[in-house]
Amino acid sequence: METLSSWKSFGGTLSVHQHDSALCQCPMQFAVYTPPQAANGPVPVLWYLSGLTCNWSNVMEKSGLQRAAARLGLMVIAPDTSPRGDAVPNDEAYDLGQGAGFYLSATQSPWSTHFHMDRYITEELSEQVMANFPADAGRQGITGHSMGGHGALTLHLKHPDRFTTVSAFSPIAAPMDVPWGEKAFSTYLGDERSTWEQYDARALVLKQPSKASILIDTGDADPFLDEQLRPQLFIDACQQSGQTLNYRMQPGYDHSYWFIASMMEEHLEHHAAGLG
């Protein structure tokens, strides 16, 4: 693992790192905010998964999370959203290919060689983090925005004993039934819809609700609300399965990082309370 950059921030450290990924078969970058409390021992970890077109920099530079993370003693990990590089398949559209990994393991060519973002996070990157940072493996939460909100919900529901707290900003929570998800799933996974269910939060929560209280914020001025997010599908699934959910529709907010920055502190507090 190579450290590319490091800055002091609110008594802690924001650092950017690169390592060679065997799963993604390319160099991968990620960022870590290490709070000042880590000087005294391992601290709880919050994984933040970004949305379409993003990388580690969006949340670390635009959300203002460092102040609250330092106060609460939370380490925040920001992976990239996909494998990248000249040898990695890509698409001209913003919602497919590099920058649009959808936190799944592709089975279709040519994507299946590189696109394994769910396993990359839960296996390879987790090993890097636990080996190189003062992270408490027994206290981990997960959150994310849009495509990353989809990733956070699905990874929590599949690994509830690892990611014991969960939240999301404007998640694609029913990707099987919206254009973004249908396009990505059919391309990465093929046309058999039954194989898509393992990456659909609504389908997962109906089968295996968790003991966590899920916090979700979405803006009612989000331009993607009715076509791509369709929150009521996930709300109904949680009610049907008995999943505890606090889904807050925020008046006047959109899909941007201005919205995320406005709600970030409350999400960090949600995770800090659950992780101890």
Side-chain angles (χ1 to χ4, degrees), residues 1 6 9-17 19 28 30-50 56 59-60 63-80 103 117-145 148-169 171 201 204-205 208-217 243-246 260 263-276:
M1 190 186 76
S6 180
S9 179
F10 293 100
T13 303
L14 172 59
S15 53
V16 181
H17 309 272
H19 70 110
M28 295 291 289
F30 65 100
V32 181
Y33 179 70
T34 304
Q37 293 86 341
N40 300 318
V43 293
V45 180
L46 178 62
W47 295 81
Y48 179 92
L49 308 185
S50 292
W56 65 264
V59 69
M60 291 299 187
S63 73
L65 65 83
Q66 290 84 0
R67 182 190 295 272
R71 174 174 62 85
L72 297 166
L74 282 175
M75 178 179 291
V76 182
I77 312 294
D80 204 344
Y103 305 101
M117 288 304 296
D118 57 337
R119 292 183 58 204
Y120 167 71
I121 290 166
T122 58
E123 298 174 22
E124 207 167 39
L125 185 54
S126 289
E127 291 178 3
Q128 288 283 342
V129 168
M130 298 309 160
N132 292 285
F133 299 91
D136 187 342
R139 293 188 293 168
Q140 297 186 67
I142 194 165
T143 187
H145 171 230
H150 139 74
L153 293 172
T154 56
L155 289 180
H156 162 74
L157 290 167
K158 289 194 280 190
H159 305 278
D161 294 332
R162 177 186 295 193
F163 305 113
T164 54
T165 60
V166 61
S167 71
F169 303 87
L204 286 170
V205 82
Q208 51 199 63
S210 77
K211 297 178 182 178
S213 176
I214 301 176
L215 171 64
I216 296 178
D217 278 310
Q243 173 69 57
T244 302
L245 172 68
N246 182 13
I260 295 171
M263 307 299 163
M264 178 60 76
E265 186 168 9
E266 291 183 49
H267 281 246
L268 294 180
E269 289 173 343
H270 166 80
H271 290 277
L275 296 173

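Hydrogens, waters and symmetry mates are skipped; everything else that's a heavy atom, side chains included, is used. Just so we're clear, the structure is a prediction, and the values are computed from it rather than from any experiment.
- The nearest pair of heavy atoms linking Arg139 to Leu275 is CD-O, 2.9 Å.
- Residues that satisfy the ring-ring contact (aromatic ring centres under 6.0 Å, His included) test with His17, not counting sequence neighbours, are Phe30, Phe133.
- Side chains of Arg119 and Glu124 form no contact here, defined as non-hydrogen atoms less than 4.5 Å apart.
- Salt-bridge annotation for Arg67 and Glu265: absent, with no side-chain N of the basic residue lying under 4.0 Å from a carboxylate O of the acidic one.
- The aromatic rings of Phe169 and Tyr48 lie tilted to each other, with the angle between the two planes from 30° to 60°.
- Under the 3.5 Å distance criterion, the side-chain polar atoms of Ser213 are left unmatched by any main-chain donor or acceptor of Thr244.
- Taking all atoms of both residues into account, the shortest heavy-atom contact from Phe163 to Ile142 is CB-CG2, 3.8 Å.
- Of the candidates Val76, Thr143, Val129, Val129 is the only one forming a side chain to side chain contact (heavy atoms under 4.5 Å, CB included) with Trp47.
- At least one donor-acceptor pair closer than 3.5 Å links the side chain of Ser126 to the backbone N or O of Ile121.
- Closest of all the heavy-atom pairs between Leu268 and Leu46 is CD2-CD2, 3.3 Å.
- Leu155 is listed as a side-chain neighbour of Leu49, based on a closest heavy-atom distance under 4.5 Å.
- In terms of modelled atom types and a separation under 3.5 Å, the side chain of Gln243 and the main chain of Ser210 share a donor-acceptor contact.
- The minimum heavy-atom distance linking His271 with Gly141 is given by the pair ND1-CA, 4.1 Å.
- Between the CD atom in Glu127 and the CE atom in Met1 there is a gap of 13.5 Å [rounded to 0.5 Å].
- For the pairing with Trp56, the side chain to side chain contact (heavy atoms under 4.5 Å, CB included) check across Ile77, Val16, Asp80 returns one residue only, Val16.
- Of all the heavy atoms in Val43 and Met75, the pair that sits closest is CG2-CB, 3.8 Å.
- One N or O on the side chain of Gln140 and one on the backbone of Ala137 form a donor-acceptor pair closer than 3.5 Å.
- Side-chain atoms of Met28 and Leu125, non-hydrogen and from C-beta on, never get closer than 4.5 Å to each other.
- The heavy-atom pair separating Ala212 from Thr164 by the smallest distance is CB-O, 3.7 Å.
- No donor-acceptor pair closer than 3.5 Å links the side chain of His267 to the backbone N or O of Ile216.
- Rounding to the nearest 0.5 angstrom, the gap separating the OG1 atom in Thr122 from the NZ atom in Lys158 is 8.5 Å.
- Aromatic pair Tyr103/His156: centroids not less than 6.0 angstrom apart.
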What donor-acceptor contacts under 3.5 angstrom involve side-chain atoms of residues 33-42, with partners at least two apart or in another chain?
{"residue": "Tyr33", "atom": "OH", "partner": "Ser9", "partner atom": "O", "Å": "2.7"}
{"residue": "Gln37", "atom": "NE2", "partner": "Ala70", "partner atom": "O", "Å": "2.8"}

